[in-house]
Amino acid sequence: MKGPVLVVAGNTYREVGRDRMLHLLGALVVGFVLFSWVLGWLNPEEADQVRHLVDFGLAGVNLFGLLMAALLGSSLLRREMERRTLYTVLCREVTRTEFVLGKYLGLVGVFATGLALVAVLMVLYFAIFGAAPGWPLVAAIYGNLLEIAVLTAASVLLGSFTTPALSAIGTVALWLVGHNTETLLEYLQMTGKEALEIPFQTLYYAFPNLSDFNYRLAASFELPVPPSVLAFATVYAVLWVGLFLGAASLFFRRRELP
Amino acid sequence: MSEVAVRVDGLRKSYRSGFWRRRSETLRGVSFSVPAGRAVGYLGANGVGKTTTLKILVGLLEADGGTAEVLGMPVHDPACRRRVGFLPENPYFYEHLTAREAMRFYGGLSRMEDRAVEARTLPLLEKVGLAAAADRRLGEFSKGMRQRLGVAQALLHDPELLILDEPMSGLDPFGRLLVKDLILEERAKGKTIFFSSHILGDVEEVCDFAVIIADGRVTASGTVQGLLGAGVAEYEVAVRGAGPAAFEAAAPGRVRFFRQDGELTRGRLPGDLDPAALHASVAAAGGVVVELVPRRESLEDLFVRTGGTATGGDAGAGAGRKSP
């Protein structure tokens with residue numbers, strides 16, 4: 001017997017796995033990775049060729065991961081309410097928190113499967129060029145998954161109290177801010193302005209630092225990524241996901257069902 | 001088992017709508033109780049708050065005020081829903097699932113063992129006439145088929161209390177008969193069935209008790225017999241050899257309907273008619289009364305007569321009480 005969270009997650013996994021938008025974005029990711037070959041081919045240096053392949057491929061995975069999280073995460077709960085499919089679910093011994101968690105896990109499960117497929121594709125693809133990025137590439141893709149997991153949770157949170165369009169825009173904004181919060185601290189260190197310390201520190205801690213999940217440079221130069229770094233990133237991601245989903249379920253519990 | 005399956009006291013609910021988010025009150029202090037082991041109809045015109053009440057009972061909506069208990073537990077306790085089966089109005093399902101997969105999904109949500117779900121799925125689908133469609137995707141189901149599946153999923157975990165929102169809606173006559181039989185069958189097993197409907201003939205056939213709601217308040221509750229009373233509502237009369245004038249003479253200004261049927265003149269006369277007066281007036285016109293059939297009031301008559309604001313009934317056997 002599975003708990004309701006896993007039952008909802010399993011159903012969401014199957015449902016999202018059939019989503020045409022996901023298929024389209026998945027095809028675009030594969031096309032993007034394959035297109036990196038053209039860029040590599042333009043570069044006469046063989047070592048640079050592989051590096052460009054890795055850079056371009058991982059950048060594509062990150063970008064389309066963001067789009068998937070923003071578009072699918074934002075409508076995850078709204079679609080249930082509009083289609084009224086949640087009536088026959090929430091009338092059972094299932095709390096709204098369990099429902100939100102199950103929906104989220106199912107969606108992230110789909111992303112994880114997609115990223116695993118992309119990782120296999122990339123390793124095979126690089127092997128054609130005689131490169132074996134190996135562990136750093138896997139670490140970079142895992143980092144991507146953590147980032148997508150955090151962005152999806154943010155998207156679900158925004159989607160729990162606003163429209164899917166606004167939620168998607170908010171998620172993209174969070175991605176932009178999350179990749180640049182470190183710049184604030186760097187600026188602070190460079191200028192040493194004490195007046196800016198509190199607002200900049202607040203901003204830094206108020207948003208997830210998505211740079212902590214970025215190992216693309218390590219993959220590009222085949223630098224090792226220590227397991228302790230990955231473990232820290234995993235805990236950091238889980239904390240942000242927990243925070244976002246906790247807030248999402250609070251909003252969702254207050255939502256009147258039509 | 002508690003003697004009362006559902007207890008609702010002073011339930012209030014309002015919704016905000018429009019640009020200024022104005023509140024409109026749907027439930028204005030609804031109070032009633034549903035005796036355990038009975039089939040109870042929840043009646044009212046469209047928009048009076050039937051669905052709102054049912055959604056509060058199964059935890060889909062939160063009341064603004066008042067209390068609601070199901071099987072002795074407050075409705076906000078999710079544990080009580082393990083013993084409740086719910087059919088929403090016009091149920092919607094995940095279209096990617098087949099009927100069999102949907103039952104597996106709902107069984108999982110009800111924390112049933114896989115084997116128990118497997119054992120109950122096919123018999124239930126057979127019972128609602130969907131066995132042949134067990135492996136068809138729900139996206140291909142008609143409205144009536146979805147309604148039947150909705151009934152099956154509500155029964156899957158063998159609940160003590162069934163809450164059904166318009167269970168006969170969207171069904172053909174065979175489907176309605178099937179749902180009525182299911183309600184009677186579950187009642188015979190000692191289950192409680194509380195359902196909303198505006199098909200009053202169906203309610204009258206299967207219900208022991210009825211709760212009538214109008215304008216956000218319960219206006220009457222009690223046994224169906226008690227609500228309708230034992231008196232004659234009207235007489236259906238057929239006379240030969242006399243015209244409508246004889247009816248008018250017996251009940252001046254109160255002939256409800258008449259028509260010519262060959263050599264017979266048929267009509268409906270009020271229930272307080274004196275049959276002797278009718279015989280006399282028809283005889284005076286040179287005719288003879290060939291049919292005089294007394295008819296009891298139906299729920300529909302009661303509803304139409306009172307515009308859904310019927311008062312009366314009894315409060316026997318814990319059937320409930322009139323709202324203030």
Side-chain angles (χ1 to χ4, degrees), chain A residues 1-23 72 75-103 105-107 109-110 161-162 249-258, chain B residues 13-17 51-52 54-62 64 75-97 101-102 104-117 137-139 146 149-150 152-154 156-157 159 163 165:
Chain A
M1 186 176 67
K2 289 187 282 190
V5 173
L6 288 182
V7 175
V8 173
N11 185 53
T12 306
Y13 185 89
R14 288 188 58 185
E15 187 187 21
V16 176
R18 291 163 176 270
D19 197 302
R20 282 185 189 160
M21 191 190 292
L22 181 86
H23 295 169
L72 296 175
S75 59
L76 195 67
L77 298 177
R78 174 64 71 108
R79 200 154 52 165
E80 288 278 347
M81 287 191 278
E82 281 174 357
R83 293 183 183 176
R84 301 182 182 189
T85 38
L86 79 181
Y87 284 9
T88 47
V89 175
L90 294 179
C91 67
R92 293 169 194 276
E93 201 183 350
V94 181
T95 64
R96 294 198 183 193
T97 304
E98 287 172 327
F99 183 74
V100 170
L101 189 59
K103 293 296 293 179
L105 288 178
L107 184 56
V110 173
F161 63 85
T162 184
S249 70
L250 276 179
F251 280 113
F252 190 54
R253 270 156 57 183
R254 294 168 57 93
R255 258 327 254 269
E256 296 263 304
L257 300 180
Chain B
K13 179 71 187 171
S14 58
Y15 294 101
R16 286 185 184 278
S17 61
T51 295
T52 297
L54 300 192
K55 280 184 179 171
I56 290 171
L57 291 179
V58 293
L60 292 175
L61 283 178
E62 212 167 305
D64 297 336
V75 288
H76 54 75
D77 182 354
C80 73
R81 296 200 279 278
R82 186 177 287 198
R83 297 154 66 197
V84 177
F86 176 59
L87 167 72
E89 187 179 11
N90 300 324
Y92 293 86
F93 299 104
Y94 296 100
E95 296 188 347
H96 66 280
L97 299 176
E101 288 167 346
R104 205 173 293 146
F105 172 64
Y106 292 118
L109 291 178
S110 298
R111 298 161 205 254
M112 291 172 73
E113 296 289 344
D114 292 348
R115 265 186 294 177
V117 177
R137 300 232 169 270
L138 303 184
R146 285 203 303 267
L149 181 68
Q153 62 82 29
L156 180 63
H157 52 298
I163 296 178
D165 195 358

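Each chain gets a letter, A, B and so on, in the order its sequence line appears, and its residues count up from 1.
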A:Leu86, A:Thr95, A:Val5, A:Asn11: which one forms the most heavy-atom pairs within less than 4.5 Å of chain B?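 The answer is A:Asn11.
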Leading residue by heavy atom contact count with chain B [cutoff under 4.5 Å; candidates A:Gly102, A:Cys91, A:Pro4]: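 Result: the option with the highest number of such pairs is A:Cys91.
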Looking at A:Glu93, is its backbone amide N or carbonyl O close enough to the side chain of B:Arg111 to form a donor-acceptor pair, meaning the two atoms are under 3.5 Å apart?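 Checking the backbone N and O of A:Glu93 against the side chain of B:Arg111, a donor-acceptor pair under 3.5 Å is found.
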Atom of B:Tyr92, atom of A:Arg84 and distance for their closest heavy-atom approach: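 For B:Tyr92 versus A:Arg84, the nearest heavy atoms are CD1-CB, 3.6 Å.
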Might you point out which heavy atoms bring A:Arg92 and B:Leu109 nearest each other, and give the distance in Å?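 Answer, listing the atom of A:Arg92 first, then B:Leu109: CD-CB, 3.8 Å.
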With a 4.5 Å cut-off on heavy-atom pairs, point out which of B:Glu101, B:Arg16, B:Glu62 contacts chain A the most.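 Top option by heavy-atom pairs under 4.5 Å: B:Glu101.
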Checking heavy atoms, do the side chain of B:Leu97, its backbone, both or neither come under 4.5 Å from chain A?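 Interface part for B:Leu97: side chain.
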Measuring heavy-atom distances to chain B, does A:Arg255 have an atom under 4.5 Å in its side chain, in its backbone, in both, or in neither?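 When you check distances to chain B, no heavy atom of A:Arg255 falls under 4.5 Å.
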Starting from the C-alpha separation in whole Å, work towards a yes-or-no answer on side chain to side chain contact (heavy atoms under 4.5 Å, CB included) for A:Thr88 and B:Phe105. CA-CA 11 Å; A:Thr88 47; B:Phe105 172 64; 6.0 Å; no
Working for side chain to side chain contact (heavy atoms under 4.5 Å, CB included), residues A:Leu90 and B:Arg81: CA-CA 9 Å; A:Leu90 294 179; B:Arg81 296 200 279 278; over 6 Å; no
How far apart are the C-alpha atoms of B:Glu95 and A:Arg18, what are their side-chain angles, what is the distance that settles it, and do they pass the side chain to side chain contact (heavy atoms under 4.5 Å, CB included) test? CA-CA 11 Å; B:Glu95 296 188 347; A:Arg18 291 163 176 270; over 6 Å; no
Taking A:Glu256 first and then B:Lys13, would you say they form a salt bridge - that is, a charged N and a carboxylate O separated by under 4.0 Å?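 Counted as a salt bridge, because a side-chain N and a carboxylate O are separated by less than 4.0 Å.
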